[in-house]
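Accompanying notes for the structure given below.
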Amino acid sequence: MTALTLSTAAAPGLRADAIVIGVAKGAKGPVVAPGAEAVDKAYDGRLAGILETLGASGAEGEVTKLPAPSGFKAPLVVAVGLGAEPEKDAGYDGEALRRAAGVAARTLAGSKKAAFALPLTDPADAGAIGEGVLLGAYSFDAYKDTAKDAKAKNGKAPLGEAALLGGKPRDAAYKAALARATAVSEELNRARDLINTPPNDLNPEAFAAIAQAAAKEHGIKIQVLDEKALVKGGYGGILGVGGGSASTPRLVKLSYTHSKAKKHLAFVGKGITYDSGGISLKPAGHNETMKCDMSGAAAVFAAVVAASRLGLEVNVTGWLALAENMPSGSAVRPGDVLRMYSGKTVEVLNTDAEGRLVLGDALWAASLEKPDAIVDVATLTGAMMLALGSRTFGIMANDDAFRSAVHEAAEEVGEPAWPMPLPEHLRKGMDSQVADIANMGERMGGGLVAGLFLREFVGEGITWAHLDIAGPAFNEGGPFGYTPKGGTGTAVRTLVRLAELTAAGDLG
Ligand code: BES
Ligand code: MN
Ligand code: ZN
């Protein structure tokens, strides 16, 4: 993992492999962003012109490399695009800094140390740049058995150290901002590791064991219900979905508590370690990335551990509904009726609509503790992906104010999200001839239908929001900003922010 440091050193004397500066899109061409004054001066104030000559415009995602001016200890200057220059007197927004830092950190893979001379005026800026660096430097190479020295030769080892210039190393607020960025990013990167781990290695039992080890390390209470305990408890949804797999399901409960907590949040994550579709088997072309179907559980797990590392004054319970959805002689069939943990019966019309079944049980289990609010996170429907694309998650809720609060928290941390409705008329499409409800309804608005199904398993009077992250959970395209290819860790930062806001008494 990349190390973050704060430095008061001046750019010229810095021993580093590169100096990162920002370039923005100005009205009349590229402009050098604040923070790089010393660098610009060493080029006799001609840096903007030099960058323009090299083809730089300041657009987001752009990288321009140039040799450092003479007299500099570092050999290389890396200019990263920040997008449009902010209005006079307005600063660069956190997300622009986070993305630019992420692009730079990824570009500098293989380097030992880089100095970041980006615009940095307050601790929040330092936190954003720090997060961008740690998230952008991420790479998943657990299965590429290249020896360490080979990795270094290929330039593939993550950036070793990022020294942020302009911050105050002895200022408590700056130190706290970097500590927060480190805790959140490390746990988010761990969620990415879990998502990227192939499903033959990450089954429900393995996921539960990893949660157990982390809980022990961080003093979080944990309870793991194995198949036997699930049968005893009557968790028909989780058992039904997990029944077709040689790897048995688990329900994991992580409880982080703080003695000064006034509120209790419950996070519930969909943890299908592989979604083949079951007897309603997915065709080739739709199953290659289905190891990502536990991204919700990974996000919940990461958020609870991060809340604990940050010592937030709020109680947070994380529920991981873990199962593998496979077809076999013991698999649930289309036509079967399951009795859920809540007592409701569900007619399974499509075994590929399995997420709502495991979540139904976990939402009910979470509800029995009467938390102040429940937020579930799930790669639930392809329909949500069709609606919002691959970078934005949908937010549904049984409370308008809470949905807005979750949306605001997501915006604040730089996670694109959008509110979606739960239209009452779609409920009747799930009416079943034989059971209380069917697990499928109208095809149109499939993401909303799934949300309406989940709502039936939230306890009376409990505030609830549902995040359908099917689009942004797994990046099948190229890397961008601080987002790598593969598992993204989306929703982790929104959940952490919700816990912080709740601890501060600013939510609910
Ligand atoms: N895990 C999938 C949803 C999904 C699709 C996630 C693409 C990520 C990318 C989910 O279990 C599923 O199969 N949903 C079905 C529901 C349908 C059968 C009602 C879907 O969306 O097609
Ligand atoms: Mn499915
Ligand atoms: Zn699924």
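Quick caveat, the model's predicted, so the values are computed rather than measured. Whatever order the structure lists ligands and atoms in, that order sets their numbers, starting from 1.
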Give, for atom CD of E369 and atom CH2 of W319, the distance between the pair rounded to the nearest 0.5 Å. 5.0 Å
If you have a sec, work out which protein heavy atom is nearest atom 12 (C) of ligand 1 and how many Å separate them, to one decimal? D352 O, 3.2 Å
Going by heavy-atom distance to atom 11 (O) of ligand 1, choose the closest among M294, H286, E354. E354
Using atom types as modelled and distance alone, determine if a side-chain donor or acceptor of S330 lies under 3.5 Å from a backbone N or O of G243. yes
Which heavy-atom pair separates N439 from R356 by the least distance, and what is that distance? O-NH1, 2.9 Å
K270 contact mode with ligand 1 (heavy-atom cut-off under 4.0 Å): side chain
Between I238 and R250, what is the shortest heavy-atom contact and its length? CG2-O, 4.5 Å
M290 touching ligand 1 at heavy-atom level, < 4.0 angstrom: yes
Under 3.5 Å, N or O to N or O, is D293 touching ligand 1 that way? yes
Look at ligand 1 and say whether R443 reaches it with a heavy atom at a distance under 4.0 Å. no
Protein-derived N, O or S atoms lying less than 2.8 Å from the Mn ion (ligand 2), waters not counted, sum to 4
Side chain to side chain donor-acceptor pair (under 3.5 Å), that's the test. Do N203 and Y274 meet it? Break it down for me. CA-CA 8 Å; N203 59 23; Y274 182 70; over 6 Å; no
Which residue is it: L254, L495, V304? I am looking for the one with a side-chain contact (heavy atoms from CB on, under 4.5 Å) to V316. V304
Counting each atom of ligand 1 from 1 as listed, which ones have a heavy atom of N350 under 4.0 Å away? 18 (C)
Return a yes/no value: protein heavy atom under 4.0 Å from atom 22 (O) of ligand 1? no
Give a yes/no on ligand 1: does E442 have at least one heavy atom closer than 4.0 angstrom to it? no
State, to the nearest 10 degrees, the angle whose vertex is the Zn ion (ligand 3) and whose arms point to NZ of K270 and OE2 of E354. 90°
Residue, atom and distance of the protein heavy atom nearest atom 20 (C) of ligand 1 read G382 N, 3.9 Å
What's the shortest heavy-atom distance between G445 and L426, and which atoms? O-CD1, 4.2 Å
The atoms of ligand 1 lying under 4.0 Å from a heavy atom of R356, numbered in the order shown, are 16 (C), 19 (C)
Looking at D275, the N, O or S atom sitting nearest the Zn ion (ligand 3) is OD2
Short side-chain to backbone donor-acceptor contact, E347 and S432, under 3.5 Å: no
K263 backbone acceptor or donor facing D372 side chain under 3.5 Å: no
Go through ligand 1 atom by atom and flag the ones less than 4.0 Å from a non-hydrogen atom of A470. 6 (C), 8 (C)
re atom 19 (C) of ligand 1, the protein heavy-atom contact at minimum distance is M440 SD, 3.6 Å
Honestly, for D275 the part within reach of ligand 1 (heavy atoms, under 4.0 Å) is side chain
T381 versus G447, closest heavy-atom pair with distance: OG1-CA, 3.4 Å
Report yes if some N/O of G355 lies less than 3.5 Å from some N/O of ligand 1; otherwise report no. no
Under 2.8 Å: N/O/S of D293 next to the Zn ion (ligand 3): yes
Give me the one residue out of T2, N196, N189, T488 that meets side chain to side chain donor-acceptor pair (under 3.5 Å) with Y138. N196
Could you check whether any side-chain N or O of D399 sits under 3.5 Å from a backbone N or O of F402, counting only pairs where one atom can act as donor and the other as acceptor? yes
Please state whether the rings of Y341 and Y235 are parallel, tilted or perpendicular, taking 30° and 60° as the class boundaries. parallel
Cationic tip of R106 within the cone over F480's six-membered ring, i.e. under 6.0 Å and within 45° of the normal? no
F457 ring centre to K344 NZ or CZ under 6.0 Å, with the angle to the axis within 45°? yes
Give the contacting part of L380 toward ligand 1: side chain, backbone, both or neither, where contact means a heavy-atom distance below 4.0 Å. backbone
